[in-house]
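Predicted, not measured: the structure shown is a model, and the values here were computed from it.
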Amino acid sequence: MNANRAAAPAQQTKRVGGLDGVRALCALGVAAVHTSFAAGVMGAYTARPGNQALADLLAGLRPLALGPFFVLSGMLLYRPFARWTLGGGERPKVVPFLAKRLARLWPAYILLSLVCVFLLNFDAVDGVWYVLRPILMLQVYDYTWIAGMDPAWTVPAEMQYYLALPLLAVLMHWLARGTADPVRKVRRMMVPLALITVGSAVWTYYIHRPSMGIYPTKYWWPLGVGGAFALGMAMALLHVLAELRPDRKPALYRIAASHPLLFWVGALAVYAFNCTQPFGRPGYGDYEGVGLALTQYGLLLVFSYLTVMPLSIPGTKSRVVDAIVANPVSRYLGRISYGIYLWHFAIMYFWFKTGSVFGTQPGLMNQLRGTIGFPELMTAVLVGSVLAATASHYLVERPLVKAVGRWATRKDGATRTAATAQDAYTVAGPR
């Protein structure tokens with residue numbers, strides 16, 4: 001047991017290229033969905049799909065492409081806390097943890113906020129609060145629409161789960177007391193995660209009832225993504241349990257380790273099923289009714305688990321999967337995926353030349369819909385997002401994350417390797 005405790009943390013100090021690749025695929029998938037709507041490919045309400053086959057494929061990504069982001073965050077960030085409870089190590093210090101999370105998520109988000117507020121929405125600025133609201137991540141609670149930040153509502157949700165994670169970790173540590181058996185500890189610690197998952201499903205039902213209307217203000221609150229974050233935390237427990245008790249690895253863990261491609265085939269099957277939009281209309285991006293919303297909630301969790309689990313097990317190899325997510329291009333795009341996610345919508349506004357900097361009010365995407373072809377707009381969004389994300393990554397995000405990482409290392413009072421310090425950078429927000 002002591003040998004396992006000593007070795008376990010060292011297994012996770014190196015950046016996992018496959019997980020970067022998953023981030024890249026998800027960020028590009030989200031960008032493609034939004035671009036297809038603006039280009040008139042995906043249908044919505046009375047607007048028919050411009051290309052039914054392509055619209056079916058892209059509609060199937062809603063909302064599956066978001067799931068792995070939250071699962072990865074929950075899994076990677078909770079793992080040190082899980083080791084504290086299951087392995088008897090030192091509890092991670094909360095202040096350095098939160099500082100690193102803040103450094104990872106906030107600076108790039110502030111940069112986007114300032115650009116969108118002052119270049120696209122300057123005419124709408126009616127005071128200091130209009131500028132501070134998005135910077136403080138509070139625009140989701142009264143839903144103030146700021147052109148260019150349309151998909152960034154997930155970032156405040158991510159940040160609030162970061163803040164809640166240390167509290168959840170303490171609660172789960174308390175529940176695990178009274179037994180020395182790691183397996184029994186894990187069972188007890190799963191209880192809050194199960195409650196969060198169920199509560200998130202209930203919230204999904206609540207905000208999609210017909211009486212709530214289309215995209216109610218509460219839709220943007222963070223409760224709807226709690227299940228994916230809790231799933232990631234549950235996966236962290238399985239990983240740590242496998243490190244400490246290799247003789248008690250769960251069956252699905254063993255299968256994922258030995259047959260990773262099988263899991264990805266399963267994820268592909270889930271995606272194909274979602275393309276049919278059960279209880280909805282294939283190829284349309286309508287606001288989901290209760291049946292479709294709850295179905296997609298379950299599919300998102302299954303898809304995310306099948307996608308992420310085999311990639312997160314040390315030593316797991318698959319030539320096919322590695323060719324997709326571990327190649328140099330995928331790994332690079334994964335490193336800047338947070339920026340791609342943040343910037344892709346703003347790039348569309350700049351490409352359409354709509355917003356204060358162009359002397360106009362920013363146009364809604366449904367007003368701009370169909371005025372440009374999908375290949376042209378997708379190319380512009382991809383190139384513009386990658387360039388903006390690269391600049392943000394190297395000029396803003398990376399320097400600040402490294403500086404805070406060095407401070408956190410001194411705060412911890414421990415000697416860290418360069419790889420361990422860099423590990424703070426392996427988790428980004430919903431990208």
Side-chain angles (χ1 to χ4, degrees), residues 14-35 61 65-73 75-77 100-116 148-155 157-159 162 307-308 311-312 322-351 377-405 418-419 421-431:
K14 187 166 66 175
R15 194 177 183 104
V16 182
L19 298 182
D20 278 340
V22 167
R23 293 186 182 100
L25 292 179
C26 290
L28 295 176
V30 172
V33 168
H34 292 154
T35 302
L61 292 174
L66 276 178
F69 289 136
F70 289 98
V71 168
L72 283 168
S73 292
M75 181 183 69
L76 296 173
L77 295 179
K100 288 186 285 188
R101 292 302 92 222
L102 194 67
R104 181 63 189 101
L105 211 63
W106 206 21
Y109 179 84
I110 290 177
L111 178 62
L112 174 76
S113 300
L114 294 175
V115 169
C116 289
M149 297 187 68
D150 307 61
W153 65 272
T154 58
V155 181
E158 182 97 353
M159 178 62 78
Y162 290 173
T307 301
V308 173
L311 295 174
S312 59
D322 289 349
I324 296 172
V325 296
N327 64 78
V329 174
S330 293
R331 295 183 66 172
Y332 176 74
L333 293 177
R335 285 195 292 273
I336 64 169
S337 59
Y338 181 38
I340 293 174
Y341 180 87
L342 285 178
W343 285 98
H344 74 273
F345 226 98
I347 296 299
M348 280 195 277
Y349 284 96
F350 285 114
W351 188 256
L377 184 58
M378 189 66 213
T379 300
V381 167
L382 181 60
V383 172
S385 299
V386 168
L387 290 176
T390 298
S392 175
H393 176 86
Y394 286 105
L395 300 179
V396 178
E397 302 166 50
R398 190 175 180 182
L400 288 173
V401 166
K402 285 189 172 183
V404 173
Q422 181 64 12
D423 187 54
Y425 202 64
T426 64
V427 185
R431 318 347 179 210

I need the minimum non-hydrogen distance between [X] and [Y], along with the two atoms involved.
X: I347; Y: A380; value: CG2-O, 3.7 Å
X: V401; Y: A103; value: CG2-O, 3.7 Å
X: L28; Y: L382; value: CD2-CD1, 3.5 Å
X: T307; Y: L311; value: O-CD1, 3.6 Å
X: R331; Y: V325; value: CG-O, 4.0 Å
X: P68; Y: C26; value: CG-SG, 3.6 Å

Considering only heavy atoms from C-beta outward, does the side chain of [X] approach that of [Y] to under 4.5 Å?
X: S73; Y: Y162; value: yes
X: L342; Y: L111; value: no
X: F69; Y: R23; value: yes

Rounded distance [0.5 Å steps], [atom1] in [X] versus [atom2] in [Y]:
X: S385; Y: L333; atom1: OG; atom2: CG; value: 11.0 Å
X: M149; Y: Y109; atom1: CE; atom2: OH; value: 3.5 Å
X: E158; Y: L105; atom1: CD; atom2: CG; value: 6.0 Å
X: W343; Y: L387; atom1: CH2; atom2: CG; value: 12.0 Å
X: R335; Y: E397; atom1: CZ; atom2: CD; value: 12.5 Å
X: R398; Y: S392; atom1: CZ; atom2: OG; value: 13.0 Å

So H34 and H344, would you call those rings parallel, tilted or perpendicular, with 30° and 60° as cut-offs?
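It falls in the parallel class, under 30°.
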Which residues share a ring-ring contact (aromatic ring centres under 6.0 Å, His included) with W351, sequence neighbours left out
none
Among residues at least two apart in sequence or on other chains, which ones pass side-chain contact (heavy atoms from CB on, under 4.5 Å) with [X]?
X: P107; value: V396, L400
X: T390; value: Y332, I336, V386, Y394
X: A32; value: L58, M378

Ignoring hydrogens and geometry, is there a side-chain-to-backbone donor-acceptor pair from D20 to G18 under 3.5 Å?
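Absent.
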